[in-house]
Amino acid sequence: MDLEELFSYRRSTRKDEKQQITEEQLHKILEAAQNAPLAAGNRPKARLTVVQNEEMLNEIRECCKMESRKNPEVTFDPLYGAPTLILVSESSLSEDRIELCDAACIIENMMLEATNLGLGCCYIWGCLSKLRANSVLLKKLHLEEQVVLSGFICGIPVKPLYAKKREPITIVRL
């Protein structure tokens with residue numbers, strides 16, 4: 001897939017098959033993360049935590065359950081049933097919080113590679129405040145000394161990916 005085509009296929013998917021991604025696919029996604037541009041000196045602070053254990057994923061799902069924005073009485077799985085979660089964390093945050101940008105670069109690289117492999121993926125953000133507040137679960141994830149910045153889920157999409165036309169983003173040129 002060429003780069004422009006890859007961009008048109010890249011989207012957030014929220015329905016995946018239960019089947020786990022392959023080790024080869026995971027390896028390629030993690031390799032893409034290693035190639036993300038990070039702020040000077042931040043590489044030793046960054047950490048990726050791969051969660052594929054169903055029991056652990058279910059604990060995270062239970063901890064991070066979200067209310068629907070459209071219907072507050074309805075809660076949903078913040079991981080959308082995906083069989084793989086990768087958490088991006090740092091050992092500490094700088095005053096300017098550049099590590100949040102680093103996490104975004106890491107996740108976008110992983111998302112582009114997942115899309116290239118025909119996998120569904122989604123950036124996970126909103127529910128993670130609940131995970132950060134759960135010291136018991138952080139300990140189980142070996143993240144008690146880390147700051148969880150963001151997350152990435154992926155799996156085999158229920159519907160195959162396809163090129164999508166998008167509304168344009170406003171551009172102002174001065």
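Along the sequence shown, the residues carry numbers beginning at 1. Just so you know, these numbers come straight off a predicted model, no measurement behind them.
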Chemist: Can you get from V50 to M110 by hopping between Ile, Leu, Val, Met, Phe, Trp and Tyr side chains that sit under 4.5 Å apart?
Modeler: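 Cluster IDs for V50 and M110 match.
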Chemist: Would you say R132's side chain and V147's backbone share a donor-acceptor pair under 3.5 angstrom?
Modeler: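 Looks like no, no N/O pair under 3.5 Å.
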Chemist: Is it true that E90 and R47 have a side-chain N and a carboxylate O under 4.0 angstrom from each other?
Modeler: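 No, no charged N to carboxylate O under 4.0 Å.
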Chemist: Between C101 and I98, is there a side-chain heavy-atom distance shorter than 4.5 Å?
Modeler: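 SC-SC contact between I98 and C101 confirmed.
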Chemist: Less than 4.5 Å apart, side chain to side chain, heavy atoms only: is that true for L48 and V88?
Modeler: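 Side chain of L48 against side chain of V88, heavy atoms only: contact under 4.5 Å found.
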Chemist: Show your working on side-chain contact (heavy atoms from CB on, under 4.5 Å) between I86 and I153 and close with a plain yes or no.
Modeler: CA-CA 6 Å; I86 301 175; I153 56 169; over 6 Å; no
Chemist: Walk me through it: do S89 and L143 pass the test side-chain contact (heavy atoms from CB on, under 4.5 Å)?
Modeler: CA-CA 8 Å; S89 62; L143 290 170; 3.6 Å; yes
Chemist: Using only heavy-atom distances, determine whether the side chains of E99 and S94 contain a donor-acceptor pair under 3.5 Å.
Modeler: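 A pair is found: one side chain offers a donor N or O, the other an acceptor, under 3.5 Å apart.
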Chemist: With rounding to the nearest 0.5 angstrom, report the SG to CD1 distance, C121 to I107.
Modeler: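 Reported value, rounded in 0.5 Å steps: 10.5 Å.
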Chemist: Is there a side-chain contact between V172 and L174 in this structure, where contact means two heavy atoms from C-beta onward sitting under 4.5 Å apart?
Modeler: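 Contact flag for V172/L174 side chains = yes.
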Chemist: Would you say K130's side chain and K65's backbone share a donor-acceptor pair under 3.5 angstrom?
Modeler: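 The answer is yes, because a donor-acceptor pair under 3.5 Å joins these two groups.
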Chemist: Examine M56 and L131 and state if one hydrophobic cluster contains both, with Ile, Leu, Val, Met, Phe, Trp and Tyr joined whenever side-chain heavy atoms are less than 4.5 Å apart.
Modeler: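 Yes: a chain of side-chain contacts under 4.5 Å links M56 to L131.
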Chemist: I21 versus L117: any side-chain heavy-atom pair under 4.5 Å?
Modeler: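 They are not in side-chain contact.
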Chemist: Donor-acceptor pair, distance only, cut-off 3.5 Å: does the side chain of Q25 make one with the backbone of T22?
Modeler: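 Checking the backbone N and O of T22 against the side chain of Q25, a donor-acceptor pair under 3.5 Å is found.
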Chemist: Is any side-chain heavy atom of K159 closer than 4.5 Å to one of K15?
Modeler: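 Not in contact.
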Chemist: Are L93 and I106 linked, directly or through intermediate hydrophobic residues, by side-chain heavy-atom contacts shorter than 4.5 Å (ILVMFWY only)?
Modeler: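 I106 and L93: one cluster.
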Chemist: Can any side-chain N or O of E113 pair as donor or acceptor with the backbone N or O of K28 at less than 3.5 Å?
Modeler: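 Flag not set: sc E113 to bb K28 has no pair under 3.5 Å.
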Chemist: State the CG-CG distance between L149 and D102, to the nearest 0.5 angstrom.
Modeler: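 Between atom CG of L149 and atom CG of D102 there are 8.5 Å.
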Chemist: Tell me if the CD atom of E54 is crowded by more than 12 foreign heavy atoms within 6.0 Å.
Modeler: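 Check fails, neighbour count at 12 or below.
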Chemist: Side-chain contact, heavy-atom cut-off 4.5 Å: T84 with D16?
Modeler: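 Answer no - side chains too far apart.
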Chemist: Does A32 offer a backbone N or O that forms a donor-acceptor pair with the side chain of N109 under 3.5 Å?
Modeler: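 Yes; at least one donor-acceptor contact below 3.5 Å.
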Chemist: Treat each ILVMFWY residue as a node, draw an edge where side-chain heavy atoms are under 4.5 Å apart, and state whether F152 and L30 are in one component.
Modeler: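 Yes, because F152 and L30 connect within a single hydrophobic cluster, where side-chain heavy atoms sit under 4.5 Å apart.
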Chemist: What about L119 and L26, same hydrophobic cluster or not, with Ile/Leu/Val/Met/Phe/Trp/Tyr joined at side-chain heavy-atom distances under 4.5 Å?
Modeler: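 Same cluster: L119 reaches L26 through Ile, Leu, Val, Met, Phe, Trp or Tyr contacts under 4.5 Å.
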Chemist: Can you confirm whether L87 sits close enough to L85 that some side-chain heavy atom of one is under 4.5 Å from a side-chain heavy atom of the other?
Modeler: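 Yes; the side chains approach each other to less than 4.5 Å.
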Chemist: What do you reckon, is CD of E17 surrounded by more than 12 foreign heavy atoms closer than 6.0 Å?
Modeler: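 More than 12 within 6.0 Å, yes.
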